[in-house]
Amino acid sequence: PLEMAKITQKNFYRQLKQTGNAYAWKNKLETYNPNYYKWTQWFFLKLFKAGLAYQKEAPANFCPSCKTVLADEQVIQGKCERCGAEIEIKFLKQWFFKITQYAPRLLRNLEKLDWSLKVKIAQKNWIGKSEGAEIDFRLFLPQVKRFVILHGKGASPKDNFYLWLKSELKKAGFEVEVPKLPNSFEPNDVKQTEYVLKNCNLDENTIVLGHSFGGIVALRLLEKGIKLKGLILVATPRTDKFLDHKKRPSVSTALKKGFNFKIIKENCRNILLLYDLKDDVVPLSDGESFAKELSAQLIKAIGQKPHFRFKKEPEVLNICLPSIKIFTTRIDTIFGATFLVLSPFYELIRKNDLAILPEAKEYIKETLKKTKKEIKDEKTGVFSGLYAINPATNKKIPIWISDYVLASYGTGAIMAVPAHDQRDFEFAKKYNLPILQVIQVPDLNNEKNILDKAYEGEGILINSAQFNGLKSQKAKEKILNWLKEKGVAQKAVSYHLRDWLISRQRYWGPPIPIIYCDKCGTVPVPEKDLPIKLPYIKNFKPLGTGKSPLANYPKFYKTKCPICKGLARRETDVLDTFLDSAWYFLRYPSANNKNLPWDKKITKKWLPVDMYIGGAEHSVLHLMYARFISMVLYDLGFVDFEEPFKKFRAHGLLISQGAKMSKSKGNVVNPDEYIKKYGADTLRMYLMFLGPFEQGGDFRDEGIVGIWRFLNRVWQLVQEIKIQDQKLKNKNSKLDKLMHQTIKKVTEDIENLQYNTAISQLMIYQNTLQENLKILSLKHIKTLLLLLAPFAPHISEELYQVLKAKAQNQKSKQFKSIFEQKWPKYDSKLIREDAFKLVIQINGKTRDVIEAKTGLSETEAKELALKSPKIKKW
RNA sequence: GCCCGGGUGGCGGAAUUGGCAUACGCGCAAGACUUAAAAUCUUGUGCCAUCUCGAUGGCUUGAGGGUUCGAGUCCCUCCCCGGGCACCA
């Protein structure tokens, strides 16, 4: 790629120069240059340190042909933005930028921007804000009747979260016991176990929750042969390694006996472990070792207080009464929610070993083999084996798993309301799930409102208990408040925008500056070590193993940990090259600065960009990324503007033979051929003359000779003209008027990107000059050349030199360039017409047109009109 | 399905606020130059009628309706083309 880039860029630069584009060539840059991508990597580090770059395991768009993952924006209609292959969903660990954190601002700022409406709307839709609610649907726990909570060392039933948890569980309809265990300060697990056996009601409908030392007691109960429905260990020690173990001889003694895990597992099949990441008493590793021995699910969380010692610990309640959070914009239809649907990638299913059916597990595996298109084409799903409780109706509803629910939107779970959502309707029909109508269909006389498809509109509520008769809008508000009071719902906003996936398993891109060390974890490369150069390797083809080709080069990835200096491994994925282009405008003015990404003073002078012109295809790609990066840099104090481009205009796309130009279609129009035949000026001017700049169209060369002829006539004009005596000056007011009108029109049209009409005005002007060849003065022709210069720079410059030589009596001399002359100004007094055409219409039809002098009064104009002989018969 | 553009001569396209629709260019036709062709220049060129043959009348901006003295332009309904997004709950 490096060699190829150098060849293609050479040709690219040649063509840009040849077409007469006046760029500041001193300030050019190439993003593959280590001097440039050094700073791209530097951004990554800045974002990483600001908590805006993170790694996560998530379903990602994977292109099987490019063999890399892609960002959401880079999937166009289910296909790869680069190669067009059908995208698959793979569950992989990748790096992301938290662009979603900026979603509200990216949306809000749009209003202030002077951008093509098209692009603003595209961005708005892509960010896709929806307002609604998040609602908790509690899981239905079959056969569970009773909770027994065992407190820890030195505690009593009144301490920590016990009282609160007891009341919450009671509210949910369970029996709860919290025994006061004997000798709490110097507890003996044998004695406490005996106490529980004697005093508590334990059976196969009971879940025991043990907190800290209470967990050891719980395990002993199972060892004794007690069978339980479930066991929850909250921060229970496995080893006596915790900080002040010397002060806890009782715990050490209890642990020394060890556990009979085999019997424990036999007596209880549902075991969940909850450990606090910031625990200052029991290390997380205890939870990990328990999880291994008990083959149980370990949930890592952060307690309100370390070791879960606060009065309210929602994480603990969540374990006892797991619930599924859904997002909806139609809370008014909640009484019609007859089932829940989870995405196959829903966190709970993946991470918690809920009692889901084997066929559901199989389904999740199968989903990973499908392409996006296959998923879309047919709705499939499977019953999970679980049930939830609809918080509005308190009814038990089944939980299904289906890939028609996206993991990456909302919470990854939905309440299905088949009567009022077409997708849910189709799903319910296919799998024979109940459909309950809760909104009246207007204009339907039939009282039963039988539905053969979902009614998705709003209306009056039915089958919704106390909310019957309300209109959707009002009902949304009331139901939300009702569920809020119950503590199971809250207002929520969801965005369509996803975090920006920036890892690529390609070769060509800046390596992600991260080092993995067994001891120190994920370590950012120190800034002084940048750039991490992309090595020159022979086999750069993608591997298809989910890893970058760099993963085959130990020379690249073997490194030392910057912290402990031990052996470590570099990240081998590279950064999305869209990140390179997300900040290049900042680099242009300071392109030659070796020590900084940009010079503060120069940046202040030149940026933000006044006017930016590009393709609309970058609406949600480059333009969104660049805005995000600018906002981050602003927040971090590196630049003093949030928005990089004040004004943006999208040029139209020129297509060829009815399709986008592409090498594979063989319909590429090569400018070189036209330059060879007609010259660069003709080509560039023809492109401008073709049609409205912002519209684009099919490229045909049928009219190109028109421009060629026009430029030839201008050429002839300058050759033929004889510079007159100054006497003739100002004699021809008609020509002067046209000249000033032309200056005005061309100036304004250029500013509005209406090049086609500017050129047509130049043609009119040129034609008139030709007709009045004998009475032309220098200014007329000079103005023509000045106005023509931006369109046809080469010929204008040459003719300008000829003209100057003529004007100064043929002395051959090098004159200043036309591009150093001032742009002509028009005199608005001279533009005003002194005559106008008085159009006489009768019943909207033109019956006569009379030449009239300006400044007539209404009566005078009427009189004049009535004199027209033609109107008499009308 | 939703959201943007757009639909005007044979073609690319013009048309400030509603006020001569078709500017400018291509193409085409006739003429000039030429032995001839190309190039160049000049003139003409929306469609349909009518006749006394250079005028007169009518029609025309995707379709239909409306507002107005007057609509390519404003309002309503619909059709077609291009682009974007799309199980987004």
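Lettering of chains follows the sequences in order, A, B, ..., and the numbering in each one begins at 1.
Interface remark: the A/Lys124 side chain does not form any donor-acceptor pair with the B/rC3 base, using a distance-only criterion of under 3.5 Å.
Of the candidate nucleotides B/rA23, B/rG5, B/rC85, B/rC85 has the atom nearest to the side chain of A/Trp126. Among the nucleotides B/rC85, B/rG25, B/rC26, the one closest to the side chain of A/Val705 is B/rC26. The side chain of A/Glu702 has B/rC11 as its nearest neighbour among B/rC24, B/rC11, B/rA15. Nearest nucleotide to the side chain of A/Thr329, out of B/rG25, B/rC85, B/rA89: B/rA89.
Taking for each of A/Lys745 and A/Met763 the nucleotide of RNA chain B with the nearest heavy atom, the 5'-most of the two is the partner of A/Lys745. Nucleotides of RNA chain B nearest to A/Gln754 and A/Arg330 differ in position, and the one nearer the 5' end is that of A/Gln754.
Nucleic acid contact for A/Ser130: sugar-phosphate only, since backbone atoms but no base atoms lie under 4.0 Å from a heavy atom of the residue. When heavy atoms are screened at a 4.0 angstrom cut-off, A/Asn712 is found touching no nucleic acid atom at all. Using a 4.0 Å heavy-atom distance criterion, A/Phe327 is classed as a sugar-phosphate-only contact. As judged by a 4.0 angstrom heavy-atom cut-off over every strand, A/Ile326 is placed among residues making no nucleic acid contact. At a threshold of 4.0 angstrom between heavy atoms, the contacts of A/Ile764 are confined to the sugar-phosphate backbone, with no base atom among them. At a threshold of 4.0 angstrom between heavy atoms, the contacts of A/Ile121 are confined to the sugar-phosphate backbone, with no base atom among them. When heavy atoms are screened at a 4.0 angstrom cut-off, A/Glu134 is found touching no nucleic acid atom at all. Residue-level contact check: A/Asn125 touches the backbone only, with heavy atoms under 4.0 Å from sugar-phosphate atoms and none from bases. Residue contacts shown for A/Val620 are absent, as no nucleic acid heavy atom lies under 4.0 Å away. Here A/Lys376 lies in heavy-atom contact (under 4.0 Å) with a base. A/Gln77 comes within contact range of at least one nucleobase, with a heavy-atom separation under 4.0 Å.
A close approach under 4.0 Å does not occur between any side-chain nitrogen or oxygen of A/Arg700 and OP1 or OP2 of B/rG25. For A/Arg709, a side-chain nitrogen or oxygen approaches OP1 or OP2 of B/rC26 to under 4.0 Å. The phosphate of B/rA14 (OP1 or OP2) has a side-chain N or O of A/Asn756 nearer than 4.0 angstrom. The phosphate of B/rC41 (OP1 or OP2) has a side-chain N or O of A/Arg713 nearer than 4.0 angstrom.
Rounded to a whole angstrom, the distance from the P atom of B/rA21 to that of B/rU56 is 15 Å. B/rU52 and B/rA71 are spaced 38 Å apart, taking the C1' atom of each and rounding to whole Å. Going from the P atom of B/rU68 to that of B/rA29 covers 49 Å, rounded to whole Å. Of the P atoms belonging to B/rG58 and B/rU42, the separation is 35 Å, rounded to the nearest Å. With C1' as the reference atom, B/rC47 and B/rA37 are 35 Å apart, rounded to whole Å. When the P atom is compared between B/rG82 and B/rU8, the two are found 14 Å apart, to the nearest whole Å. As rounded to the nearest Å, B/rC2 and B/rC74 have C1' atoms that lie 26 Å from one another. To the nearest whole angstrom, the two C1' atoms, one in B/rG7 and one in B/rC78, are 14 Å apart.
Donor-acceptor pairing under 3.5 Å is lacking for the side chains of A/Tyr409 and A/Ser343. There is no side-chain donor-acceptor pair under 3.5 Å between A/Gln422 and A/Glu456.
Protein atom CD of A/Gln716 is 12 Å distant from nucleotide atom P of B/rU42, rounded to whole Å. Rounded to a whole Å, the NE2 atom of A/His618 is 12 Å from the P atom of B/rC85. Atom pair A/Arg649:CZ and B/rG5:P shows a separation of 14 Å (rounding to whole Å applied). Rounding to whole angstrom units, CG of residue A/Leu117 and P of B/rG5 are separated by 6 Å. One interatomic measurement links the two molecules: CG of A/Leu690 to C1' of B/rC11, which rounds to 12 Å at whole-angstrom precision. Rounded to whole Å, the distance from CD on A/Glu81 to P on B/rG84 is 12 Å. In this structure, CD of A/Glu617 is placed 18 Å from P of B/rG5, rounded to the nearest angstrom. Atom CD1 of A/Ile704 is separated from atom C1' of B/rC24 by 17 Å (rounded to the nearest Å).
Its glycosidic angle being within 90° of 0, B/rG9 falls on the syn side.
A stem is defined here as three or more consecutive Watson-Crick or G-U pairs, each with both distances under 3.5 Å; for RNA chain B these stems are B:1-7 with B:79-85, B:10-12 with B:24-26, B:27-32 with B:40-45, B:46-51 with B:54-59, B:62-66 with B:74-78.
A/Leu623 and A/Tyr612 make their closest contact through CD2-CE2, 3.9 Å (heavy atoms, listed as atom of the first residue, atom of the second, distance). For the residue pair A/Ala492 and A/Glu134, the shortest heavy atom distance occurs at CB-CG, 3.6 Å.
Using a 4.0 Å cut-off between charged nitrogen and carboxylate oxygen, A/Asp114 and A/Arg649 count as a salt-bridge pair. We find that A/Glu378 and A/Lys370 are not joined by a salt bridge, their nearest charged nitrogen and carboxylate oxygen being 4.0 Å or further apart.
Between A/Lys491 and A/Leu480, the closest side-chain pair of non-hydrogen atoms falls below 4.5 Å. Counting heavy atoms from C-beta outward, A/Asp681 and A/Leu711 have side chains that approach closer than 4.5 Å.
Judged by the 6.0 Å and 45° rule, A/Lys379 forms a cation-pi pair with A/Tyr404.
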Residues 691-702 of chain A, side-chain donor-acceptor partners within the protein, below 3.5 Å, at least two apart:
residue  : atom : partner  : partner atom : Å
A/Asp698 : OD1  : A/Gln657 : N            : 3.0
A/Asp698 : OD2  : A/Gly658 : N            : 3.0
A/Asp701 : OD2  : A/Tyr674 : OH           : 2.8

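Note on ring orientation: taking the six-membered ring where Trp is involved, the planes of A/Trp400 and A/Tyr431 are tilted (angle from 30° to 60°).
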